[in-house]
Q: 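Please read through the structure below; I'll follow up with questions.
Since the model is a prediction, treat every value here as computed from it, not as a measurement. In what follows, chains are A, B, ... by sequence order, proteins preceding strands, each numbered from 1.
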Amino acid sequence: MLRRIYHKLFRAYGPQGWWPADDAFEVMIGAILTQNTAWSNVEQAIAGLRKHDCLKPERILEIHPRRLAKLIKPSGYFNIKAKRLRNLCRWYLDQGGMTVLTGMDTDSLRKGLLAVNGVGPETADDILLYAFDRPVFVVDAYTRRLFGRCGLIDPQLPYETFRTEVERKLKGDAPLYNEYHALIVHHAKVACRTKPVCDGCCLQTVCAFSAQ
DNA sequence: ACCCAGGGTCATA
DNA sequence: TATGACCATGGG
């Protein structure tokens, strides 16, 4: 059933081409900045960072925290996100950069990411999937509502439990998880133009399909 | 003027 | 384990 929902979304919207970034490190930065924040705001923040050559960990660590906060201001929560960016960059460099990180197994990578203050389960999985191409299904609020409403997975399950349930039922690879999560987000955005946010409307198409 | 977005932490019970 | 306060901007 998870497969059929995927195909319906894909047929409706086509490939989404996530993650919108120039390289893996930029994906990590974007994953922090987009926490509870519209992507349009994140784009402005990243533009600010790029303008000041701050899309590298060394630069982010060397500029003054207050200035970093100013650069990412459009993304909101700029003070705490400035700290989180620094935490992530310190970890990134301490580990030895992309070369070393790429060689690590997925579980070790996730543990390392989660140990960074400011990186929670969803942000960690964003990074695992979209920066390191690991076969990890990213669970967000939309995913819970979608699969919950379709009666496929209990939306109240803890994050890790919900994720492993999806992966167990779906048995997909990284490219599939990549498109699936992007499609769910896109679906929520375009189909939720009507006011009652997302409870009755945005899942209707998919749920009507799954009910047959 | 109001609502919330591609979450996470910390204090509290 | 599970709530609640808190963080803050821009676009609808």
Q: With sugar-phosphate meaning primed atoms plus P, OP1 and OP2, does A/D126 contact a base, only sugar-phosphate, or nothing at under 4.0 Å between heavy atoms?
A: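 It contacts nothing in the nucleic acid.
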Q: Would you say B/dA5 has OP1 or OP2 under 4.0 Å from some side-chain N or O of A/N41?
A: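 Checking B/dA5 against A/N41, no side-chain N or O comes under 4.0 Å of OP1 or OP2.
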Q: Nearest of C/dT9, C/dA8, B/dG8 to any side-chain atom of A/K73?
A: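 Shortest atom-to-atom distance from the side chain points to C/dT9.
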Q: Suppose you measure atom P in B/dA1 against the same atom in C/dA8; what distance do you get, rounded to whole Å?
A: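 It works out to 22 Å between them.
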Q: A/R84 and A/Q35: side-chain donor and acceptor closer than 3.5 Å?
A: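 Yes, a side-chain donor-acceptor pair sits under 3.5 Å.
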Q: Nearest-Å distance, NZ (A/K189) to C1' (C/dG12)?
A: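 These atoms are roughly 14 Å apart.
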Q: In whole angstrom, give me the gap between the P atoms of B/dG8 and C/dG10.
A: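 Comparing P positions in B/dG8 and C/dG10 gives a spacing of 23 Å.
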Q: A/Y77 side chain: which of C/dA8, B/dG7, C/dG11 is closest?
A: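 Of C/dA8, B/dG7, C/dG11, C/dA8 is nearest to the side chain of A/Y77.
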Q: For B/dG6 and C/dG4, measure between their C1' atoms and round to the nearest Å.
A: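 That atom pair is separated by 23 Å.
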Q: Between A/I32 (CD1) and C/dC7 (C1'), how many Å, whole number?
A: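 In whole Å, C/dC7 C1' lies 14 Å from A/I32 CD1.
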Q: Please determine, by modelled atom types, if A/H52 and A/R67 share a side-chain donor-acceptor pair under 3.5 angstrom.
A: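 Judged by distance alone, the side chains do pair up.
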Q: Quick test of the criterion, 5.5 Å between centres and less than 30° between planes. Is A/W18 stacked on B/dG6 or not?
A: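 One would call A/W18 stacked on the B/dG6 base.
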Q: Quick one: closest heavy-atom pair of A/A31 and A/D126, and the distance?
A: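 The pair with the smallest heavy-atom distance is CB-CB, 4.1 Å.
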Q: Quick one: A/K83 NZ to C/dA8 C1', roughly how many Å, whole number?
A: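 Nearest whole value for this atom pair: 14 Å.
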Q: Report yes if the ring of A/W39 lies under 5.5 Å from the six-membered base ring of B/dG6 with planes under 30°, and no otherwise.
A: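 According to the criterion (under 5.5 Å, under 30°), yes, A/W39 stacks.
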Q: Can you tell me the distance, in whole Å, between the CZ atom of A/R144 and the P atom of B/dG7?
A: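 After rounding, the reported distance stands at 12 Å.
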Q: Measure from the side chain of A/E122, starting at C-beta and using heavy atoms only, and say which of B/dG7, C/dT9, C/dG11 lies closest.
A: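 Of the options given, the side chain of A/E122 lies nearest B/dG7.
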Q: A/W18 and A/W39: aromatic ring centres closer than 6.0 Å?
A: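 A/W18 vs A/W39: aromatic centres not under 6.0 Å.
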Q: For the residue pair A/Y130 and A/D125, confirm or rule out a side-chain donor-acceptor distance under 3.5 Å.
A: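 No, because no side-chain N or O of A/Y130 sits under 3.5 Å from a partner of the opposite role on A/D125.
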Q: Considering only side-chain heavy atoms of A/N117, which listed nucleotide, B/dG6, B/dT9, B/dG8, is closest?
A: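 Among B/dG6, B/dT9, B/dG8, the one nearest the side chain of A/N117 is B/dT9.
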Q: What is the distance from CZ of A/F78 to P of B/dG7, rounded to the nearest Å?
A: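 Rounding to the nearest Å, CZ of A/F78 and P of B/dG7 are 19 Å apart.
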Q: Tell me which of A/R84 and A/Q44 sits closer to the 5' end of DNA chain C, going by the nucleotide each one is nearest to.
A: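 Result of the comparison: A/R84.
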Q: Return the minimal non-hydrogen interatomic distance between A/G48 and A/L71, and the atom names on each side.
A: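 Distance-wise, the nearest heavy atoms are O-CD2, 4.0 Å.
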Q: With nearest nucleotide decided by heavy atoms, which residue, A/V119 or A/A38, maps closer to the 5′ end of DNA chain B?
A: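 It is A/A38, whose closest nucleotide lies nearer the 5' terminus.
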Q: Under 4.0 Å, counting only non-hydrogen atoms across every strand here, what does A/P158 touch: a base, just sugar-phosphate, or nothing?
A: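 Answer is nothing: A/P158 stays at 4.0 Å or more from every strand.
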Q: Looking at every strand, decide which applies to A/S75 at a 4.0 Å heavy-atom threshold: base, sugar-phosphate, or nothing.
A: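 Result for A/S75 = nothing.
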Q: Nearest nucleotide by nearest heavy atom, which residue falls closer to the 5' end of DNA chain B, A/Y130 or A/G118?
A: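 Nearer the 5' end of the strand: A/Y130.
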